[in-house]
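Everything below concerns the one structure shown next.
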Protein chains: 2
Amino acid sequence: MNAPQLTKNQALVFEVLEKADGPLSAYTILDKLRDHGFRAPLQVYRALEKLLEYGVVHRLESINSFVVCAHPNENCHSHGTVAFAICESCGHVMEFHDHEVDHRLMDWTRGKKFKAEKTTIEIRGLCETCAA
Amino acid sequence: MNAPQLTKNQALVFEVLEKADGPLSAYTILDKLRDHGFRAPLQVYRALEKLLEYGVVHRLESINSFVVCAHPNENCHSHGTVAFAICESCGHVMEFHDHEVDHRLMDWTRGKKFKAEKTTIEIRGLCETCAA
DNA sequence: TCAATTGCGTAATGCTATAACGTGTGCGAT
DNA sequence: ATCGCACACGTTATAGCATTACGCAATTGA
Ligand SMILES: [Zn+2]
Ligand SMILES: [Zn+2]
Ligand SMILES: [Zn+2]
Ligand SMILES: [Zn+2]
């Protein structure tokens, strides 16, 4: 899905995520936007819903947080599942694709006649810097 | 990790999950155990913590729920990541392994010098029955 | 005996997400 | 024009998920 012009709230939420150097929870975003008039969680969640729909933000299921897409230009999400490596020490996230993984999982779902809608791949651990 | 003798609470939680035909949330488990003396979420969470540690229960990150391991005998978790296919209609879960996927992800983490601790692979969609 | 560990019970709190209500605005169809 | 509709927005309340903090009892092992 291509992102149309963002509304004011959507743009504010996106900016906060863009400036952050790691994933943020919805409530952290809310706190960062109180000065801009945000008062309630729903203002954040509604904006996130759209940003997710447009594919410019990803949700990290394993840590209930949100992060900007690392591949804003390539339309990477149209050709496979996105995977994430999340450092549990510094919070840094790496987003990547692996077609071979996609194909293996697709093979499995085809074999089981399972109709996949949304696939989550998240690796939690320590990044190179933090593991040293 | 091998499971030692379960305590009373652990056994109760395990039984509830075993009898269920799909994943359950911690609070659903709590409700099912009120007749057995459970009063507080912590009684469930503490039991789950141990059951997860013993590897006899899995946590489904994308739906905040818990399910018994589908491979109680094989010590499957020692030889790779567990993946799940979760039907969003009937709630059924299929647990599987794919060494090729494991190897691809391990190759990636090695390449990035990322020290993986816990990997989540969850496919949400419709099972064969529900997709028909 | 003493200390450390583990499990348990309870209350309180915190974090995450949605439901339900109403408002206003833009825009095409009648 | 004005009606109907879609959409974004604001607010309050509530639902759902998880942990902190405190204290007690039983077990273990030096
Ligand atoms: Zn992306
Ligand atoms: Zn790190
Ligand atoms: Zn298992
Ligand atoms: Zn199904």
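Computation of the quantities below employed the complete heavy-atom set of this structure, encompassing side-chain atoms and omitting hydrogens, waters and symmetry-equivalent molecules. Remember, predicted model here, so these are calculated numbers, not experimental data. Below, chains carry the letters A, B, ... as their sequence lines are ordered, and counting in each starts from 1.
- Rounded to whole angstrom, the span from the CD1 atom of A:Ile63 across to the C1' atom of C:dC15 amounts to 14 Å.
- For B:Glu53 and C:dT5, the CD to C1' distance is 14 Å, given to the nearest whole Å.
- Position along DNA chain C of the nearest nucleotide to B:Pro41 versus A:Arg59 favours B:Pro41 as the more 5'-ward residue.
- Straight-line distance from the OH atom of B:Tyr45 to the P atom of C:dC8: 17 Å, rounded to whole Å.
- A side-chain contact (heavy atoms from CB on, under 4.5 Å) with B:Val13 is found for exactly one of B:Leu30, B:Leu6, B:Ile29, namely B:Ile29.
- Taken together through direct or relayed side-chain contacts under 4.5 Å among Ile, Leu, Val, Met, Phe, Trp and Tyr, A:Val16 and A:Tyr54 form part of one hydrophobic cluster.
- Of the candidate nucleotides C:dG9, C:dT16, C:dT10, C:dT10 has the atom lying nearest to any side-chain atom of B:Arg39.
- You'll find the ring centres of B:His58 and B:Phe84 inside the 6.0 Å limit.
- A salt bridge between A:Glu49 and A:Arg46 is absent, with no side-chain N of the basic residue lying under 4.0 Å from a carboxylate O of the acidic one.
- Below 30°, between 30° and 60°, or above 60°: for B:Tyr27 and B:Tyr45 the angle between ring planes is above 60°, a perpendicular geometry.
- In 5' to 3' order, the nucleotides of DNA chain D bounding all contacts with chain B (an atom under 4.0 Å from a heavy atom) are D:dC17 to D:dA21.
- Checked by atom type and distance alone, the side chain of B:Thr28 never pairs as donor or acceptor with a backbone atom of B:Ala26 at under 3.5 Å.
- The distance from atom CG of A:Asp31 to atom P of C:dG14 is 13 Å, rounded to the nearest whole Å.
- Within the model, atoms CG of B:Leu33 and CZ of B:Phe38 stand 5.0 Å from one another, a figure rounded to the nearest 0.5 Å.
- Rounded to an integer number of Å, the gap from CZ of A:Arg46 to P of C:dT23 is 15 Å.
- Remark: ring of A:Tyr27 not stacked against base of C:dC15; the cut-offs of centroid gap under 5.5 Å and plane tilt under 30° are not jointly satisfied.
- For the 3.5 Å distance criterion, the side chains of A:Arg124 and B:Thr120 qualify, holding a donor opposite an acceptor.
- Taking five base pairs at each end of the helix from C:dT1-D:dA30 to C:dT30-D:dA1, the local helix axes there meet at an angle of 20°, rounded to 10°.
- Distance CD (B:Gln43) to P (C:dT10): 6 Å, rounded to an integer number of Å.
- Close to C:dC15, at under 4.0 Å from its OP1 or OP2, lies no side-chain N or O of A:Ser25.
- At whole-Å resolution of the value, CG in B:Leu30 and P in C:dA11 are 13 Å apart.
- A:Leu126 CG to A:Ser89 OG: the interatomic distance, rounded to the nearest 0.5 Å, is 6.0 Å.
- Contact annotation: B:Asn64 side-chain N/O to C:dA17 OP1/OP2 distance is not under 4.0 Å.
- Heavy-atom distances to DNA chain D give each of A:Ala47 and A:Ala40 a nearest nucleotide, and the one nearer the 5′ end belongs to A:Ala47.
- The CD-C1' distance, from B:Gln10 to C:dG7, rounds to 8 Å in whole Å.
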